[in-house]
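Below is one structure, written out as structure tokens, with a few remarks after it.
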Amino acid sequence: MRASKYNIVTLKETPADAEIISHQLLIRAGFIRKAASGIYSWMPLGLRVLQKVEAIIREEMNRTGAMEVLMPVVQPAELWQESGRWDQYDEELLKFTDRHQRDFCFGPTHEEVITDLARNELKSHRQLPANFYQIQTKFRDETRPRFGVLRAREFVMKDAYSFHLNQQSLEETYQSMHDAYGTILDRMQLDFRPVLADTGSIGGSASMEFHVLADSGEDRIAFSTSSDYAANIELAEAIAPPKDESAPEELNEIATPEVHTIEQVAAFLSVPPESTVKTLIVKGENEPLVALVLRGDHKLNPLKAEKLVGVAAPLSMAEDGEISSAIGCAPGSIGPVNLGLPIIVDRSAAALANFVCGANKDGFHLTNANWARDTTEFSVSDIRDALEGDPSPDGKGVLQFKRGIEVGHIFQLGKEYSTPMNATVLDENGKSIIMTMGCYGMGVSRLVGAVIEQKHDDSGIIWPTNIAPFQVIIIPINAHKSEAVTETSEKLYSELTELGIEVLLDDREGYRPGAKFADSELIGIPHRLVVGDRGLDKGVIEYTERKSSDSKDLPLEGLVENLHRQIRIELNI
RNA sequence: CGGGGCGUAGCGCAGUCUGGUAGCGCACCACACUGGGGGUGUGGUGGUCGUAGGUUCAAAUCCUGCCGUCCCGACCA
């Protein structure tokens, strides 16, 4: 490609509304342009990258035996009403009506459409397992799009849906998707972690997210310093410290006027917050109220709590009025001793001895409280947020936190959609069986941003060769004056192109070398050849690798072959 | 959805407080010079100052409503 005939519009200045580096560089390098909040056009250079990411994903999906399809972006309301998500998805679902006043939505995901397809197409167990995928534009009307392509409203996603006769078959496909995701991210040379995840509103049982590690990531993940254990922070299991076996001391009630928060209690009684407990009152599932007890320095994890039997989901805190009429005191003086409510104690709080807690009497706290001696029945569960430095749940190492960009999410859906939509096949015995499903998403346009977050420097983007918009850039110096430069550049260009290498020849007139160098670095082309009289006189070309910034003079003789070999290695072909 | 910032040329901004001829840099067009790290000069193109209303002899500037956009939070397969 000749740069003079290609749309290359780079900006020297950073756009004011771009906050993070991938967004800034995508705009400055001319890869994307914004049409509206969270809605972008992909320009020629950007589209080349996007399509290369798609190609890698497509290759690896095909390798697993998945079948590519293309489903509609515009979906009829009926399907969403059938699954129950027309109302549940709420505002994020972009709804509209056609000229006949029929309701439609712009697809944010395709479980409904694929399940409808599957129940019509798949009739026999012999057609299973089947895994369909597509690479499609989705629309989610996010309350707050941000970070450019990392959190756009309109975005490109690969989504796959598998159908099975039983759980075991699902688990096999789930594992092959897990492996394929690893391969895809490895091929883009990303530093990533598969982490245990919550299934969220899509439903189902097992689920893993794939996170590209980056400080700009919106998600926090916890992982072990010495094993493979990794989990979304809201899901990471919190391990209790060893039980405090101290002998119980005498229980004391102490007046603590105007002392409510843990900080105040700890300061007033001169004890560390770790020796206190806090008691939170939430709405119960069967009983009106339930008490949750945590160590003073720990934070309640609502996701864990609302999953417990007896606790109402979604988690909702009790009103002050309900608390005072049930317990007889205000929040801030509640404790597990003589409480008269069902009590769920966090593992770490349960390991305490001689702790401080509220006395269930305004203005009073108890010291030296002990579970076995001073409280009635209670259950122990993991209901707190894990903390950095906690022991890893698998017993190896301690937890460390990092930020990640979620680029993939795989779910074992089970019969979440196949049941309401009645997607069945006949088994070996001619019996109708509801299919078991899995779904596997990967953010294609988000991956483009995620790569940049990990691969950039002060000058611009550093693309891995297999997703770079071009693999080689040739910059002639003073081409208008030197026939040798022009001839050599053209020769290199045609020879490399002939070999199937994607070359950008920067033949733009009126650009000084410095501007071309700067553009080549901003755009992030992995290999650069500078052709100038200075080198040609010695029979050499200046070669610069984008990744290392290393420059060296290479003999013109054999240059094309050597570069070709190098690129083949990088492309792994 | 709550809180805050910002809307002036394609991009980055000044001008708004204190009303009076709409500006600067980059980009773009033409010509000349220049030619190994974002050149120089000359001459140009391009703006209903987000929008609607109000105040005023006069509004980018003051007032009110609306819209857009970005940030923080809530939310988020």
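Each chain gets a letter, A, B and so on, in the order its sequence line appears, and its residues count up from 1.
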If you assign A:His23 and A:Ala515 each to the RNA chain B nucleotide with the nearest heavy atom, which residue ends up on the more 5' nucleotide?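 Result: A:Ala515.
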
Both A:Ser37 and A:Asp533 contact RNA chain B. Taking the nearest nucleotide for each, which residue is further toward the 5' end?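 The residue mapped nearer the 5' terminus is A:Asp533.
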
Side-chain N or O of A:Thr10 less than 4.0 angstrom from OP1 or OP2 on B:rG38?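 False: A:Thr10 side-chain N/O out of range (4.0 Å or more) of B:rG38 OP1/OP2.
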
At under 4.0 Å between heavy atoms, what does [X] touch on the DNA or RNA strands: base, sugar-phosphate, or nothing?
| X | value |
| --- | --- |
| A:Asp159 | nothing |
| A:Phe155 | base |
| A:Thr143 | base |
| A:Arg508 | nothing |
| A:Val9 | nothing |

Please name the nucleotide paired to [N] by Watson-Crick or G-U wobble geometry with both distances under 3.5 Å, or report none.
| N | result |
| --- | --- |
| B:rA30 | B:rU42 |
| B:rG73 | B:rC1 |
| B:rU64 | B:rA52 |
| B:rG19 | none |

In whole angstroms, how far is the [atom2] atom of [N] from the [atom1] atom of [X]?
| X | N | atom1 | atom2 | result |
| --- | --- | --- | --- | --- |
| A:Asp458 | B:rG38 | CG | C1' | 15 Å |
| A:Leu522 | B:rG37 | CG | C1' | 14 Å |
| A:Glu542 | B:rG37 | CD | C1' | 11 Å |
| A:Glu142 | B:rC71 | CD | C1' | 16 Å |
| A:Arg512 | B:rC33 | CZ | C1' | 10 Å |
| A:Tyr40 | B:rC70 | OH | C1' | 10 Å |
| A:Asn7 | B:rC28 | CG | P | 12 Å |
| A:Glu509 | B:rC28 | CD | P | 14 Å |

Apply salt bridge (charged side-chain N to carboxylate O under 4.0 Å, His left out) to the pair A:Asp191 and A:Arg193, showing each step before the final yes or no. CA-CA 7 Å; A:Asp191 184 12; A:Arg193 293 280 190 293; 3.4 Å; yes

Please measure how far the [atom1] atom in [N] lies from the corresponding atom in [M], and state the result in whole Å.
| N | M | atom1 | answer |
| --- | --- | --- | --- |
| B:rC62 | B:rU16 | P | 9 Å |
| B:rU61 | B:rU51 | P | 11 Å |
| B:rA30 | B:rU69 | P | 35 Å |
| B:rU34 | B:rU42 | C1' | 15 Å |
| B:rA14 | B:rA58 | C1' | 23 Å |
| B:rC11 | B:rC63 | P | 27 Å |
| B:rA52 | B:rG12 | C1' | 29 Å |
| B:rC1 | B:rU48 | C1' | 34 Å |

Quick one about A:His110 and A:Lys138 (side-chain donor to acceptor, distance below 3.5 Å, no hydrogens or angles considered), yes or no?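 Indeed, the side chains of A:Lys138 and A:His110 share at least one donor-acceptor pair under 3.5 Å.
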
Verify the distance criterion only: is there a donor paired with an acceptor across the side chains of A:Arg119 and A:Tyr417 at less than 3.5 Å?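 No pair is found: no donor N or O on one side chain lies under 3.5 Å from an acceptor on the other.
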
Would you call A:Asp215 and A:Arg403 a salt bridge, using N to O less than 4.0 angstrom?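 No.
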
Ionic contact status for A:Glu19 with A:Arg146, cut-off 4.0 Å: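 No, this pair does not count.
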
Working to the nearest 0.5 angstrom, can you tell me the gap between A:Met437 CE and A:Glu416 CD?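 Going from the CE atom of A:Met437 to the CD atom of A:Glu416 covers 10.0 Å.
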
Check for a donor-acceptor pair, side chain of A:Lys516 on one end and backbone N or O of A:Asp506 on the other, with a separation under 3.5 Å.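 Yes, because the side chain of A:Lys516 sits within donor-acceptor range (under 3.5 Å) of the backbone of A:Asp506.
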
Candidates [options] - which lies nearest the side chain of [X]:
| X | options | result |
| --- | --- | --- |
| A:Arg146 | B:rG36, B:rC72, B:rG37 | B:rC72 |
| A:Pro513 | B:rG73, B:rG36, B:rC26 | B:rG36 |
| A:Lys34 | B:rG38, B:rC70, B:rC1 | B:rC70 |

Got a sec, which pairs hit salt bridge (Lys or Arg N to Asp or Glu O under 4.0 Å) with one end in residues 172-187 of chain A, sequence neighbours left out?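 Of all non-adjacent pairs touching residues 172-187 of chain A, those that pass salt bridge (Lys or Arg N to Asp or Glu O under 4.0 Å) are A:Glu59-A:Arg187, A:Glu60-A:Arg187.
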
Check the orientation of A:Phe96 and A:Phe104. Use parallel for under 30°, tilted for 30 to 60°, and perpendicular for over 60°.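 Ring orientation of A:Phe96 relative to A:Phe104: parallel.
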
The contact string for nucleotides 8-15 of chain B, one letter per nucleotide 5' to 3', using protein heavy atoms under 4.0 Å with B, S and - for base, sugar-phosphate only and none, comes out as ---BSS--

Checking A:Arg446 against A:Phe155: charged group under 6.0 Å from the ring centre and within 45 degrees of the axis?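 No, A:Arg446 does not lie over the aromatic ring of A:Phe155.
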
What I want to check is whether an N or O donor and acceptor connect the side chain of A:Glu521 with the base of B:rG38 at under 3.5 Å.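 Donor-acceptor pair under 3.5 Å: no.
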
Do A:Arg28 and B:rG38 share a donor-acceptor pair, side chain to base, under 3.5 Å?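 Yes, the side chain and the base share a sub-3.5 Å donor-acceptor pair.
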
